[in-house]
*Asks:* 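Input: one structure, supplied below.
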Amino acid sequence: MATVLSIDPSADQWSVPIGKHSRGALMLNLERLLAGRLLIQGSSGAGKSRTLRKIIEEAFDFTTVVLVDPEGEFGNLAAHIGATSLKGCELTSDGLTAAAARARQHRLSLHVDLTDLDPDQRIIKAAALFAGLIGAPREHWSHTVLVCIDEGHLLAPHHAGSARDAETRRLGVATLTDLCARGRKRGIAPVIATQRLAKLSSSVISELQNFLVGLNVFDRDIARAADLLGFSAKEADRLRKLAPGEFFAMGPAMSPLPVLAHMEETITEHLGATPKLTAAAAIDSDEAEKLLDLSALREVSNGSRDTALTLKGTRALDAFLLDPSAPHAASIIGALRRIAPNATTANDLAGHLGCPRDAVDNALDMLAAIAAVDTMPRGEDRIARLHARLRAKISDIPVVALA
């Protein structure tokens, strides 16, 4: 391999140490990162999440951080850097867009936990967050932000799992690609970690100019990683032999040619480590059946239904039906269905249904919690429309506005 040259940023106030290589410290230049973005890639156990954690620990004193956490592994890091934690399952898509825009305005670091969301909702809500960041007004572009995304392939997958997932995948890919492509002028520096290059959209990868590539085991990933690093076929085989925490670093923010570095230890503990082996409980089958409450889980045959509701689904349905807002919620769904895909205001809904505005707000809150509508936080200008999942099932649209 060619002689390795590295940038010497020792006198650069915007460079932070993230690892060590044979010639000294591996420095990450945050100004160049803003212009060129960063991809961290490695198989499971390579140390990419720890590397992402190290970068955030070093960079948060210089810029705002938005940490997108699909697996809920960075809560302690959020506390360490003073970031405000948001749970994706508790906020609407419009709410996440608004929160992102306000965070940019006030230079607030965010930790966005996407745990407990199904794959489609995870993509949709992440896309809403990115839309708020990229859509910030020009006067806030100087409020630089490091957008750190773990498991990026979950938010912008290379392939859709099914035909039904294709529209959601396109949304995720388009939004994350837009964040990378237009982020530089808007003060946004995406840092994306992924297990496999073959799983992350090539549109996203093509926008990234800095790379930290760790252990790879699949031929397809090795070929793509070698192409990014400019490795020959013989040099590419080195990617199979890297130890955890070892990465080839290359790019204008680190080194013009690939340099093998070992990432430094982090201050905060990595929460995504593989658990230690634990033996199964030593109990008999009768006790196990009681603990599993199998009698309540057994399916009851019902010829009038195509599919049986799960216990969880039954409980959710019961909670919905017994909620005082259920009648208004059902009426709102009927009204929004008539004008889908258009939206309307909460005031118009109240007038159309002939019910108090408070009752409409309570019903919209409940419908947003079960992802039946897209709506805004309470306020005079609150709007709502049927959720995309439900809109996709409607073919007849006889009305465009509520009377």
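FYI, the numbering just counts along the sequence from 1.
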*Asks:* Can you tell me which residue pairs pass the salt bridge (charged side-chain N to carboxylate O under 4.0 Å, His left out) test with a partner in residues 186-203, sequence neighbours excluded?
*Replies:*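 Matches after skipping sequence neighbours: Arg196-Asp221.
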*Asks:* How would you list, by chain and number, every residue that makes a side chain to side chain donor-acceptor pair (under 3.5 Å) with Asn76, sequence neighbours excluded?
*Replies:* Arg53
*Asks:* State, yes or no, whether a side-chain contact exists between Ile40 and Val191 at a heavy-atom distance under 4.5 Å.
*Replies:* yes
*Asks:* Under 3.5 Å, is there a donor-acceptor pair between the Gln195 and Ser43 side chains?
*Replies:* no
*Asks:* Val259 and Arg23: side-chain contact (heavy atoms from CB on, under 4.5 Å), yes or no, with the steps?
*Replies:* CA-CA 9 Å; Val259 56; Arg23 300 182 62 180; over 6 Å; no
*Asks:* Could you check Thr375 against Thr92 for side chain to side chain donor-acceptor pair (under 3.5 Å), going step by step and ending with a plain yes or no?
*Replies:* CA-CA 7 Å; Thr375 185; Thr92 64; over 6 Å; no
*Asks:* Please identify each residue that fulfils side chain to side chain donor-acceptor pair (under 3.5 Å) with Thr51, with sequence neighbours left out.
*Replies:* none
*Asks:* Enumerate the ring pair (Phe, Tyr, Trp, His ring centres under 6.0 Å) contacts for residues 71-126, please, sequence neighbours excluded, ordered by first and then second residue.
*Replies:*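 Only Phe60-His80 qualify under ring pair (Phe, Tyr, Trp, His ring centres under 6.0 Å).
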*Asks:* Is any side-chain heavy atom of Lys48 closer than 4.5 Å to one of Glu151?
*Replies:*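 Answer yes - side chains close enough.
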*Asks:* Compare every heavy atom of Ala236 with every heavy atom of Ala226, then report the nearest pair and how far apart it is.
*Replies:* CB-CB, 3.5 Å
*Asks:* Only counting residues at least two apart or in another chain, list the ones meeting salt bridge (charged side-chain N to carboxylate O under 4.0 Å, His left out) with Lys54.
*Replies:*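 Residues passing salt bridge (charged side-chain N to carboxylate O under 4.0 Å, His left out) with Lys54: Glu58.
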*Asks:* Can you name the salt bridge (charged side-chain N to carboxylate O under 4.0 Å, His left out) partners of Arg182, sequence neighbours left out?
*Replies:*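 Listed in chain order: Asp178.
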*Asks:* Of the options Ile81, Leu77, Ile55, which is the one that meets Val65 in a side chain to side chain contact (heavy atoms under 4.5 Å, CB included)?
*Replies:*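 Passing option: Ile81.
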*Asks:* Do Val373 and Ile333 make a side-chain contact, defined as non-hydrogen atoms from C-beta onward lying under 4.5 Å apart?
*Replies:*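 Yes, at least one pair of side-chain atoms sits under 4.5 Å.
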*Asks:* Between Thr345 and Asp348, is there a donor-acceptor pair closer than 3.5 Å when you use the side chain of the first and the backbone of the second?
*Replies:* yes
*Asks:* Tell me, please, which residues at least two apart from Gln209 pass side chain to side chain contact (heavy atoms under 4.5 Å, CB included).
*Replies:*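 For Gln209 the side chain to side chain contact (heavy atoms under 4.5 Å, CB included) partners, ignoring immediate neighbours, are Arg37, Pro252.
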*Asks:* Just by modelled atom types, is the Ala193 backbone N or O under 3.5 Å from a matching donor or acceptor in the Gln41 side chain?
*Replies:* no
*Asks:* When you measure from the side chain of Asn342 to the backbone of Ile339, do you find a donor-acceptor pair of N or O atoms at a distance under 3.5 Å?
*Replies:*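 The answer is yes, because a donor-acceptor pair under 3.5 Å joins these two groups.
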*Asks:* Taking all non-hydrogen atoms of both residues, which atom of Lys125 and which atom of Leu117 are closest, and how far apart?
*Replies:*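 Smallest interatomic distance, heavy atoms only, reads CD-CD1, 4.1 Å.
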*Asks:* Would you confirm whether Trp141, through its side chain, and Lys185, through its main-chain N or O, come within 3.5 Å as a donor-acceptor pair?
*Replies:* no
*Asks:* How many angstroms lie between atom OG1 of Thr63 and atom CD of Glu31, to the nearest 0.5 angstrom?
*Replies:* 11.0 Å
*Asks:* Hydrogens and angles aside, do His158 and Ser201 bring a side-chain donor and acceptor to less than 3.5 Å of each other?
*Replies:* no
*Asks:* Run the side chain to side chain contact (heavy atoms under 4.5 Å, CB included) test against Arg240 and tell me which residues pass, sequence neighbours left out.
*Replies:* Asp219, Ile222, Asp237
*Asks:* Do Ser206 side-chain atoms and Ser203 backbone N/O form a donor-acceptor pair below 3.5 Å?
*Replies:* yes
*Asks:* Is there side-chain contact between Glu167 and Arg169, with heavy atoms separated by less than 4.5 Å?
*Replies:* no
*Asks:* So do Ile134 and Ile188 actually touch side chain to side chain, heavy atoms under 4.5 Å?
*Replies:*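 In short, these two side chains touch, coming nearer than 4.5 Å.
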*Asks:* Answer yes or no: is there a donor N or O on one side and an acceptor on the other, between the side chain of Ser109 and the main chain of Val66, under 3.5 Å?
*Replies:*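 Between the backbone of Val66 and the side chain of Ser109 there is no qualifying donor-acceptor contact (under 3.5 Å).
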*Asks:* State, yes or no, whether a side-chain contact exists between His328 and Val360 at a heavy-atom distance under 4.5 Å.
*Replies:*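 No. Closest side-chain heavy atoms not under 4.5 Å.
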*Asks:* Is there a ring pair (Phe, Tyr, Trp, His ring centres under 6.0 Å) between Phe248 and Phe231? Walk through the geometry before answering.
*Replies:* CA-CA 11 Å; Phe248 281 103; Phe231 280 4; 5.0 Å; yes
*Asks:* Of the non-hydrogen atoms in Ile123 and Thr168, which two are nearest, and what is the gap between them?
*Replies:*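 In this case the closest contact between Ile123 and Thr168 is CG2-O, 3.4 Å.
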*Asks:* Just jot down the salt bridge (charged side-chain N to carboxylate O under 4.0 Å, His left out) partners of Arg50, sequence neighbours excluded, or say none.
*Replies:* Glu265
*Asks:* Report yes if the side chains of Ser255 and Met250 come closer than 4.5 Å at any heavy-atom pair, otherwise no.
*Replies:* no
*Asks:* With rounding to the nearest 0.5 angstrom, report the CG to CG distance, Leu336 to Leu349.
*Replies:*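 It comes to 5.5 Å.
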*Asks:* Going by salt bridge (charged side-chain N to carboxylate O under 4.0 Å, His left out), name the pairs with one or both residues in residues 86-112, residues two or more places apart or in two chains.
*Replies:* Lys87-Asp113
*Asks:* Nearest 0.5 Å please: distance from the CG atom of Leu108 over to the NE2 atom of His143.
*Replies:* 10.5 Å
*Asks:* Set out, in order, the CA-CA distance, both residues' side-chain angles and the distance that settles side-chain contact (heavy atoms from CB on, under 4.5 Å) for Phe130 and Thr97, then state yes or no.
*Replies:* CA-CA 7 Å; Phe130 299 150; Thr97 301; over 6 Å; no
*Asks:* Looking at every non-hydrogen atom in both residues, tell me the closest pair between Ala128 and Ser93 and how far apart they are.
*Replies:* CB-O, 3.3 Å
*Asks:* What are the two closest non-hydrogen atoms of Leu353 and Ser331, and how far apart are they?
*Replies:*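 Nearest pair, atom of Leu353 first, then Ser331: CD2-CB, 3.9 Å.
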*Asks:* Rounded to the nearest 0.5 Å, what's the gap from CG on Leu171 to CG on Asp120? Could you check?
*Replies:* 10.0 Å
*Asks:* Within a strict 4.5 Å, meaning less than it, do heavy atoms of the Leu33 and Leu28 side chains meet?
*Replies:* yes
*Asks:* Kindly indicate, with the supporting measurements, whether the criterion side chain to side chain donor-acceptor pair (under 3.5 Å) is fulfilled by His21 and Glu246.
*Replies:* CA-CA 10 Å; His21 54 75; Glu246 288 185 341; over 6 Å; no
*Asks:* Going by the salt bridge (charged side-chain N to carboxylate O under 4.0 Å, His left out) test, which pairs reach into residues 127-138, not counting sequence neighbours?
*Replies:* none
*Asks:* Just checking, any donor-acceptor pair under 3.5 angstrom between side chains of Ser15 and Asn29?
*Replies:* yes
*Asks:* For the pair Val112 and Leu67, evaluate side-chain contact (heavy atoms from CB on, under 4.5 Å) and give the outcome as yes or no after the intermediate values.
*Replies:* CA-CA 6 Å; Val112 184; Leu67 173 55; over 6 Å; no
*Asks:* Where do Arg224 and Ile205 land on the side-chain contact (heavy atoms from CB on, under 4.5 Å) test, with the steps shown first?
*Replies:* CA-CA 10 Å; Arg224 294 187 67 180; Ile205 296 173; 3.4 Å; yes
*Asks:* Testing the basics here: between Pro70 and Arg122, what is the closest heavy-atom pair and its distance to 0.1 Å?
*Replies:*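 Minimum heavy-atom contact is CB-CD, 4.1 Å.
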*Asks:* If you look only at pairs with a residue in residues 364-387, which of them pass as a salt bridge (charged side-chain N to carboxylate O under 4.0 Å, His left out), with sequence neighbours excluded?
*Replies:* Asp361-Arg382, Asp365-Arg378, Asp365-Arg382, Asp374-Arg391
*Asks:* Return yes if some donor-acceptor pair links the side-chain N/O of Asn210 with the main-chain N/O of Leu208 below 3.5 Å, else return no.
*Replies:*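 It does not hold such a pair.
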